[in-house]
Amino acid sequence: MQDSIETLKQWVNSSNNIVFFGGAGVSTESGIPDFRSVDGLYHQHYAYPPETILSHTFFERHTAEFYEFYHDKMLTLDAKPNAAHKKLAEWEHAGKLRAIVTQNIDGLHQAAGSKTVYELHGSVHRNYCTRCHKFYDAAYIKQAHGIPLCACGGLIKPDVVLYEEGLDENTIAHSIEAIRSADMLIIGGTSLVVYPAAGLINYYRGSKLVLVNKQETSADSRADLVLHGAIGEIFSQL
Ligand code: CNA
């Protein structure tokens, strides 16, 4: 492991166009559970699996239950950026990192100071009335009991891409462009099973594909460097 960390350190030092592609595993060390780890949301007991609750149909048909889960598990507003978020922000500031493409909706990259963050699945920090489109922040949703309603009486929906919904085309286009022209692509904290997001890594055409994940993923075999471990712990050694 120490050799791999050393190699990664050298690659980072010699790169100035790094793109990071991440998922829920980036935020577990901030106390936000992912979906697929042993202590992830899939292994906790709910009446439905998380991907059913976080689907468009469920939101429409069982809005109160959706918001119960969402309040409990997704609106983790007290979480703070960990060493991985901070290191990525540092690299961007130093002109090494061009963009972060994330499947996370927690806003922790921006909280760490990162500026160019493509949020493929949206953000809990943006919420809109489905009737008049008025904006509401996450604090408003947090303090609302039950289903959050707009001043106009309309239902407020988080700007989060639910299962069955399409991704924002502009965000995809920017993500593809960044990944395609990156000199190094670091993939971290993602099981790479949620599509179309996971497919974006196929646009990388460089020779420094790095994978930092606790568990094995389908991309391990084609990565140029694989580090199995906790991303915050690993990044704090870079
Ligand atoms: P996932 O499918 O739960 O996979 C997470 C991966 O991260 C697993 O392979 C773990 O082994 C790995 N992992 C967990 N902790 C660490 C760690 N500390 N260091 C390195 N690796 C770790 O999550 P994905 O993001 O791949 O799945 C996509 C879904 C989960 C997206 O739609 C997200 O929106 C959604 N999600 C987001 C959050 C968040 O915003 N923080 C939380 C939970 C789920």
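All ligand and atom numbering here is 1-based and tracks the order in the structure.
Annotation: cation-pi pair K142/Y140 absent, no NZ/CZ under 6.0 Å from the ring centroid and within 45° of its normal. Judged by the 6.0 Å and 45° rule, K157 forms no cation-pi pair with Y128.
Given atom 8 (C) of ligand 1, the protein heavy atom at minimum distance is Q215 OE1, 3.5 Å. Protein heavy atom closest to atom 5 (C) of ligand 1, with residue, atom name and distance, is D34 OD2, 3.4 Å. Of all protein heavy atoms, the one lying nearest to atom 20 (C) of ligand 1 is G229 O, 3.2 Å. Protein heavy atom nearest atom 33 (C) of ligand 1, with residue, atom name and distance: Q103 O, 3.2 Å. Taking atom 32 (O) of ligand 1 as the reference point, the nearest protein heavy-atom neighbour is H121 ND1, 2.8 Å. Closest to atom 41 (N) of ligand 1, if we only count protein heavy atoms, is D106 OD2, 2.7 Å. For atom 12 (C) of ligand 1, the nearest non-hydrogen atom of the protein is N213 OD1, 3.4 Å. Taking atom 21 (N) of ligand 1 as the reference point, the nearest protein heavy-atom neighbour is K214 N, 3.1 Å.
Within the structure, the closest approach of G232 to ligand 1 does not fall below 4.0 Å when heavy atoms are considered. Within the structure, the closest approach of P50 to ligand 1 does not fall below 4.0 Å when heavy atoms are considered. Residue contact annotation: V193 has no non-hydrogen atom under 4.0 Å from ligand 1. Every heavy atom of A84 sits 4.0 Å or more from the atoms of ligand 1.
One finds the CG atom of L8 at 10.5 Å from the CE atom of M1 (value rounded to the nearest 0.5 Å). With rounding to the nearest 0.5 angstrom, the CG atom of L227 is 5.0 Å from the CD1 atom of I234.
Ligand 1 places these atoms under 4.0 Å from at least one heavy atom of P33: 42 (C), 43 (C). Residue S27 has at least one heavy-atom neighbour below 4.0 Å for each of these atoms of ligand 1: 41 (N). Atoms of ligand 1 found under 4.0 Å from any heavy atom of E29, numbered from 1 in the order shown, are 17 (C), 18 (N), 19 (N). Counting atoms of ligand 1 from 1 in the listed order, those under 4.0 Å from a heavy atom of G23 are 25 (O). Listed by atom number, the atoms of ligand 1 under 4.0 Å from A24 heavy atoms are 23 (O), 24 (P), 25 (O), 36 (N), 37 (C), 38 (C), 42 (C), 43 (C), 44 (C). Those atoms of ligand 1 that come under 4.0 Å of a heavy atom in N104, given as number and element, are 37 (C), 39 (C), 40 (O), 41 (N). In summary, the atoms of ligand 1 found under 4.0 Å from a heavy atom of G189, numbered by their order in the structure, are 5 (C), 6 (C), 7 (O), 21 (N).
Between the side chain of N104 and the main chain of G23, a donor-acceptor pair closer than 3.5 Å is present. Although no hydrogens or angles enter the test, the distance criterion places a donor-acceptor pair under 3.5 Å between the side chain of R131 and the main chain of C152.
Not one N or O of A230 is nearer than 3.5 Å to an N or O of ligand 1, by distance alone. Between I231 and ligand 1, at least one N/O pair is under 3.5 Å apart. On a distance-only criterion, I32 and ligand 1 share no N/O pair closer than 3.5 Å. The shortest N or O to N or O distance between M74 and ligand 1 is not below 3.5 Å.
Of all the heavy atoms of T28, the ones lying under 4.0 Å from any atom of ligand 1 belong exclusively to the side chain.
Applying the side chain to side chain donor-acceptor pair (under 3.5 Å) test to residues at least two apart or on different chains, the pairs with a partner in residues 180-189 are R98-S181.
Between Y118 and H174, the gap from one ring centroid to the other is short of 6.0 Å. F58 has its ring centre less than 6.0 Å from the ring centre of Y48.
Screening I186, L238, D224 for a side chain to side chain contact (heavy atoms under 4.5 Å, CB included) involving W11 leaves a single residue, D224.
The aromatic rings of F35 and Y163 lie tilted to each other, with the angle between the two planes from 30° to 60°.
Listed here is the closest heavy atom pair of S30 and A79: O-CB, 3.7 Å.
A single hydrophobic cluster is not seen to contain both L209 and F235; linkage of ILVMFWY side chains at heavy-atom distances under 4.5 Å, directly or through other members, places them apart.
Counting heavy-atom neighbours within 6.0 Å of E169 CD, excluding the residue itself, gives a total of 12 or less.
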